[in-house]
Amino acid sequence: MINNLVIVESPAKAKTIEKILGKDFQVRSSMGHIRDLLKNEISIDIKNRFKPQYIVPPDKKKVVSELKEVVRKAKTVWLASDEDREGEAIAWHLSEVLNLDPEKTKRIVFHEITKEAIDDAIKNPRSINQDLVNAQQARRVLDRIVGYELSPVLWKKIKPSLSAGRVQSVAVRLIVEREREIINFKSTSSFKVNALFYVNDKSGKSYQLKAELNNKFPDRKKALEFLSHCKTADFSIENILKKPARKSPSPPFTTSTLQQEASRKLNFSVAQTMTVAQRLYEAGKITYMRTDSVNLATTALDAASNVIEKTFGEQYSNRKNYKTKSKGAQEAHEAIRPTHLDKETITGNATEKKLYELIWKRTIASQMSDAQLERTTVTIAISNATEKFIAEGEVLKFDGFLKVYFESSDEEPEEDVSGLLPPIEKGMPLACLNIVATERFTHNPPRYTEASLVKKLEELGIGRPSTYAPTISTIQQRGYVMKEDRPGRERKYTQIILENKTIKEDTKTEITGAEKSKLFPDNIGMIVNDFLVEYFNNILDYNFTASVEKEFDEIATGNLNWFEMIGKFYKPFHEKVNKTLAKSAVNKGERKLGTDPETGKPVLVRMGRFGAVVQIGELSDSEKPRYASLRKGQNLESITLEEALELFRLPRTIGKFEDKDIIVSIGRFGPYILHNSTFYSLNKNTDDPYSVTAGRAIEIIQEKRLRDEKKVLRTFQEDAELSILNGRWGPYIKYKKENYKIPKTSDPSTITYEECLALIKDAPSRKKKKK
DNA sequence: CAGTGAGCGAGCTTCCGCTTGACTT
């Protein structure tokens with residue numbers, strides 16, 4: 001017999017709580033939800049008040065049967081799932097599925113895993129809040145209806161296997177709309193002016209002073225005019241203004257801010273951050289990693305002040321708790337923090353260490369004093385112009401939290417972060433070393449990274465900490481968006497320099513628009529988005545989630561009936577679905593570009609079976625059209641006739657080598673040379689497939705042959721098909737076109753033929769092809 | 001992995017949120 005059985009959601013949590021509660025309590029976990037709608041049908045009885053049909057999914061059968069077993073032996077069952085909508089629903093499903101006797105069942109909640117919080121919870125049990133459960137059912141049913149009615153419309157009108165949903169479709173919309181802003185962005189340029197002065201102090205020591213003009217010039221002519229004025233000008237210090245300033249630390253991490261900082265500081269993908277955090281959590285090193293709360297437990301606040309006072313001194317400590325401001329936060333947990341704040345670092349692999357240290361620093365910094373600065377602004381007068389040069393300096397008076405941590409920003413850093421200023425006084429004349437007017441271009445809005453998309457979704461109140469990473473992976477899996485690097489392009493800019501009373505002009509080159517790990521919409525993402533925005537603009541509205549959340553809150557407080565709310569939504573929505581199915585045309589994103597100057601035939605672009613395609617001519621009995629795939633980065637909606645025709649110039653035969661044709665083309669891995677049925681990649685940066693010569697192609701072929709020779713470490717007389725090769729991850733066995741690992745226990749330089757065969761035989765069977 | 005793009009029809013796809021492994025690479 002068990003006196004008390006506590007059920008929580010996570011096994012790691014169960015372990016910790018069991019330690020706190022002691023012998024009288026057994027703690028088990030449900031591993032999240034244990035019941036859900038059927039997967040392959042809508043599973044909602046629309047006509048019968050939207051009654052959901054729940055089942056225990058196959059992967060939860062084991063957990064449920066184990067729970068049933070312990071429940072039978074338990075005197076009292078404590079349902080301790082999280083204190084939010086989903087948690088309440090989990091408690092309710094548990095009580096239904098496990099057939100719990102209300103007399104013996106108690107619902108408790110705690111948002112900190114500390115002895116006080118848990119003891120307190122045990123002293124204040126309640127019963128399940130059915131209103132809150134109904135709010136969850138409404139959320140679940142709404143998402144199912146939206147997802148399972150919209151997706152099939154896409155299958156019929158655009159392409160099979162596509163998907164749409166309240167969260168993912170808005171995520172795609174953000175990326176598509178941002179891309180269009182970028183496509184339509186017209187960059188303008190203006191001239192900013194920087195000057196370098198120097199001053200001598202009393203001892204004759206010389207210092208430099210950098211300053212920027214408080215005015216920009218719209219064109220080259222105006223900039224030149226100003227510079228020629230400066231030729232004869234005198235410069236002097238007109239004013240020195242000192243102002244104190246403060247910087248405050250950021251609150252401790254939530255899921256979304258952790259994902260953002262790990263992306264900026266550690267280059268982690270959103271998914272990677274979550275996997276590493278999960279390991280830290282399971283090892284008991286950090287608190288729960290899926291949270292929207294910035295709250296810290298009192299024990300954590302105590303521990304933090306302790307660490308800060310001991311390490312840095314009392315003046316660095318500034319104990320405070322932060323308020324969550326994000327929309328729709330449910331605050332079931334603490335912020336993400338180290339469980340033991342006195343541990344600045346941990347044992348573990350490199351990624352675990354880095355993420356832990358980031359969390360430690362952020363948590364500690366959040367409890368530290370503001371940094372105090374003194375900002376100095378120096379105004380420099382020009383004797384024959386009304387413009388002023390401005391020099392800025394910043395002195396750190398007290399570092400405070402900056403001793404430990406500084407939050408990064410998504411914005412590109414401004415150049416010339418001001419530092420210490422030389423000793424200067426008001427009225428002092430300045431000598432001018434040079435004045436430079438540089439042409440600067442306005443920037444298009446930035447593309448989203450995974451992490452900045454999460455930030456935006458959180459701001460809109462769309463999605464939850466547990467779904468940010470999966471959502472981002474879904475929209476990539478569907479082919480709506482891609483995470484990619486793009487090379488920048490060269491851009492010329494003008495620089496005008498005044499030095500030694502003479503003006504020189506220079507044209508320089510810079511690289512602009514290079515992107516790393518940014519989210520780009522694919523053509524199919526744009527087509528699906530436009531379709532959904534046209535026919536289902538209410539669902540795609542950025543405020544849709546926020547407005548249904550308000551109604552869920554009404555349901556949770558008992559002021560609104562859940563199936564009536566769903567009914568009101570369903571009727572017009574379902575009608576719209578039917579209307580769209582009946583009237584909208586099949587949408588392939590087709591666009592006519594013009595006519596082919598060679599043949600006079602029409603040129604059009606559209607989505608084909610394998611992606612976006614250009615087509616010359618119409619399909620008829622007598623003739624097949626010519627086709628060419630669009631390349632990475634080309635969009636159906638922005639490709640020009642010239643760019644489209646260019647695509648037909650490949651593949652081209654550029655000559656012969658060893659009596660075989662050399663053919664150049666572009667495949668899915670970029671430009672390549674095909675020679676004697678072997679492929680050779682062209683260097684994307686230096687070789688252009690449209691202009692590469694036979695001579696260069698032969699060079700590439702021979703380089704590759706040489707590399708391949710070095711790749712073979714050993715061969716065996718017994719069997720020509722077996723060899724040991726040197727690969728990216730070190731030596732491996734290649735046998736009949738399949739690769740096999742060499743275990744660390746064997747030495748690749750001495751391993752025998754028989755040992756290789758044995759390894760091949762014991763190798764685990766290859767997995768099926770990834771989709 | 002280096003191409004592909006006819007038409008028909010059968011059978012399949014899909015949501016969001018709560019959780020962890022069981023799998024390769």
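Naming: A, B, ... by sequence-line order, numbering from 1 per chain.
Note on A:P152: a base of the nucleic acid sits closer than 4.0 angstrom, heavy atoms only. Within 4.0 Å (heavy atoms only), A:L162 reaches sugar-phosphate atoms of the nucleic acid but no base atom. Residue contacts shown for A:N40 include a base, since a base heavy atom lies under 4.0 Å away. If you check every strand for non-hydrogen atoms under 4.0 Å, A:Y680 touches nothing.
Once rounded to the nearest 0.5 Å, the distance linking CG of A:L132 with CH2 of A:W92 reads 12.5 Å.
With A:L636 as the fixed residue, the side chain to side chain contact (heavy atoms under 4.5 Å, CB included) test singles out one of A:L630, A:D522, A:V613: A:L630.
At B:dT20, one or more side-chain N or O atoms of A:Q278 fall inside 4.0 Å of OP1 or OP2 (strictly under the cut-off). Residue A:Y672 has a polar side-chain atom (N or O) positioned under 4.0 Å from OP1 or OP2 of B:dG3. For A:S161, no side-chain nitrogen or oxygen approaches OP1 or OP2 of B:dC12 to under 4.0 Å.
Taking 4.5 Å as the limit, every side-chain heavy atom of A:I158 sits out of range of all side-chain heavy atoms of A:V586.
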side-chain contact (heavy atoms from CB on, under 4.5 Å) between A:I700 and A:L682, intermediate numbers included: CA-CA 8 Å; A:I700 291 169; A:L682 280 180; 3.4 Å; yes
Decide yes or no on ring pair (Phe, Tyr, Trp, His ring centres under 6.0 Å) for A:Y672 and A:Y680, but give the supporting numbers first. CA-CA 5 Å; A:Y672 65 88; A:Y680 304 87; 10.0 Å; no
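The listed nucleotides are B:dC18, B:dT13, B:dG3; the one nearest the side chain of A:W155 is B:dT13.
Listed by first and then second residue, the salt bridge (charged side-chain N to carboxylate O under 4.0 Å, His left out) pairs that reach into residues 149-175 of chain A are A:D143-A:R166, A:R173-A:E177, sequence neighbours excluded.
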N/O contacts under 3.5 Å, protein versus nucleotides 15-17 of chain B?
unit_1: B:dC15; atom_1: OP1; unit_2: A:S163; atom_2: OG; d: 3.2
unit_1: B:dC15; atom_1: OP1; unit_2: A:Q168; atom_2: NE2; d: 2.7
unit_1: B:dC15; atom_1: OP1; unit_2: A:R478; atom_2: NH2; d: 3.2
unit_1: B:dC15; atom_1: O2; unit_2: A:R140; atom_2: NH1; d: 3.0
unit_1: B:dC15; atom_1: O2; unit_2: A:R144; atom_2: NE; d: 3.3
unit_1: B:dC15; atom_1: N3; unit_2: A:R140; atom_2: NH2; d: 3.0
unit_1: B:dC15; atom_1: N3; unit_2: A:R144; atom_2: NE; d: 3.2
unit_1: B:dC15; atom_1: N3; unit_2: A:R144; atom_2: NH2; d: 3.1
unit_1: B:dC15; atom_1: N4; unit_2: A:R144; atom_2: NH2; d: 3.1
unit_1: B:dC16; atom_1: OP1; unit_2: A:V167; atom_2: N; d: 3.0
unit_1: B:dC16; atom_1: OP1; unit_2: A:Q168; atom_2: N; d: 2.9
unit_1: B:dC16; atom_1: OP2; unit_2: A:Q168; atom_2: NE2; d: 3.2
unit_1: B:dC16; atom_1: O4'; unit_2: A:D143; atom_2: OD2; d: 3.2
unit_1: B:dC16; atom_1: O3'; unit_2: A:R166; atom_2: NH2; d: 3.0
unit_1: B:dC16; atom_1: O2; unit_2: A:R139; atom_2: NH1; d: 2.9
unit_1: B:dG17; atom_1: OP1; unit_2: A:R166; atom_2: NH2; d: 2.7
unit_1: B:dG17; atom_1: OP2; unit_2: A:T467; atom_2: OG1; d: 2.9
unit_1: B:dG17; atom_1: O4'; unit_2: A:R139; atom_2: NH2; d: 3.2

